[in-house]
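A quick write-up on the structure given underneath.
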Amino acid sequence: MRLIQNMSTIAEYSTSECPSGRVIKIAVIGGSGVGKTALVVRFLTRRFIGDYERNAGNLYSRDVQIDNEQVAIQVQDTPGVNVTANGPGCTDHVTRSIQWADAIVLVYSVTDQRSFDFIGQLHQLVMRAHADKTSMPPVILLANKADLLHVRQVDAQQGPLLASALGCCFYEVSASEDYSQVHGAFHRLCRDLAKQQPAAAAAALPVSGSAATGSEKRRSPLIPRPKSPNMQDLKRRFKQALSAKVRTVTSV
């Protein structure tokens, strides 16, 4: 895992750095203290570190294998979002992260009812940020800290019901105790995105006849060219000239 930079800006990963040219961008959004950074680091490194700098908003990158293909994954860990009288108190960085991402992970903590209560508002924020695009980004809902049963505030049934209402997948995980759950949630999201990207790239190719022909020629330089329509005539003239030369030598 590489730490690209802090929250001041969002850098685009150069496709030349990844052999397949495939880059998946994920933004992790949620309230303060729900464990966003722990989830990101757990997914990318398999490790759990209990103490992080809050609201760091770091951008992480790692090359992974998805269906036998190397893919570059960028994960934007955003600062915690707080609820205000006017709705979610998002910084400009959070808004830019949502617009930048190919997919969104919404996170709440089962030990914090407030972090669950404004997930719906965060989902609306995501929808508004991508309203001008042809399709909405995939969204998954993660309930973190499932191991802390003694301080649970959000009932286990509330998460699946909310996810069903929002039309997204749901996972209840523990970043501290179970790597497989965290990996399974992120990995499924990455696989779904990897399957979508080739189709999107194909749709962006030129469709005009001349452009398509030129592109096909560039991709297939070893395809033999058709014979010139004058080739047979040239062969006939060459045979006539050769016959005349032979007759001349014979007569001498």
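- In this structure, the separation between CG on Leu189 and CG on Asp102 is 9.5 Å, given to the nearest 0.5 Å.
- Side-chain contact between Thr37 and Val40 is absent, with no heavy-atom pair separated by less than 4.5 Å.
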* To do: Determine, stepwise, if the pair Ile29 / Val94 fulfils side chain to side chain contact (heavy atoms under 4.5 Å, CB included).
  => CA-CA 8 Å; Ile29 314 295; Val94 173; 4.2 Å; yes
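- In summary, the side chains of Asn144 and Ser109 do not present any donor paired with an acceptor at a separation below 3.5 Å, with no hydrogens or angles considered.
- The aromatic rings of Phe116 and Tyr108 sit perpendicular, their planes meeting at an angle over 60°, well past the 30° parallel limit.
- In this structure, Lys36 and Val107 approach most closely via the heavy-atom pair CG-CB, 4.3 Å.
- Considering only heavy atoms from C-beta on, Lys25 comes within 4.5 Å of Val23 through its side chain.
- A donor-acceptor pair under 3.5 Å is absent between the side-chain atoms of Gln70 and the main chain of Gln65, judged by distance alone.
- Rounding to the nearest 0.5 Å gives a distance of 10.5 Å between CG of Asp77 and CG of Leu44.
- Shown here for Gln181 and Val173, the closest heavy-atom pair between the two residues is OE1-CA, 3.4 Å.
- In terms of heavy atoms, Ile66 sits closest to Ile24 at CD1-CD1, 4.4 Å.
- A distance of 11.5 Å separates CG of Leu106 from OG of Ser115, quoted to the nearest 0.5 Å.
- Contact of the Cys190 side chain with the Ile26 side chain is registered, since non-hydrogen atoms from C-beta on lie closer than 4.5 Å.
- Nearest heavy-atom pair across Glu172 and Val110 is OE1-CG1, 4.1 Å.
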* Asked: For Met136 and Val126, what are the C-alpha separation, side-chain angles and deciding distance, and is it a side chain to side chain contact (heavy atoms under 4.5 Å, CB included)?
  -> CA-CA 9 Å; Met136 293 296 175; Val126 172; over 6 Å; no
* To do: Evaluate side chain to side chain contact (heavy atoms under 4.5 Å, CB included) for Gln158 paired with Gln113, printing each intermediate quantity in order.
  => CA-CA 11 Å; Gln158 290 183 270; Gln113 183 67 44; 3.9 Å; yes
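- Counting heavy atoms from C-beta outward, Pro138 and Leu193 have side chains that approach closer than 4.5 Å.
- For Thr45 (side chain) and Arg42 (main-chain N/O), no donor-acceptor pair under 3.5 Å exists by modelled atom type.
- Between His187 and His183, the angle of the ring planes stays under 30°, which puts this pair in the parallel group of the 30/60° scheme.
- When side chains are defined from C-beta on, Tyr60 does not count as touching Gln74, because their heavy atoms never get closer than 4.5 Å.
- For the side chain to side chain contact (heavy atoms under 4.5 Å, CB included) with Cys168, the lone residue among Leu141, Ile104, Val105 that qualifies is Leu141.
- Between Gln76 and Ser97 the shortest heavy-atom distance is CG-OG, 3.4 Å.
- The side-chain heavy atoms of Phe186 and Ile73, taken from C-beta on, include no pair separated by under 4.5 Å.
- One distance of note links NE2 of His150 with CG of Leu148; it measures 5.5 Å at 0.5 Å rounding.
- No continuous path of ILVMFWY side-chain contacts below 4.5 Å connects Leu142 to Tyr179, so the two sit in separate hydrophobic clusters.
- Heavy-atom minimum distance, Phe170 versus Ala163: CB-CB, 3.5 Å.
- The structure places OG1 of Thr95 at 9.5 Å from CZ of Arg128, a figure rounded to the nearest 0.5 Å.
- No side-chain heavy atom of Thr78 sits less than 4.5 Å from a side-chain heavy atom of Val28.
- From Phe48, atom CZ reaches atom OG of Ser174 across 7.5 Å, with rounding to the nearest 0.5 Å.
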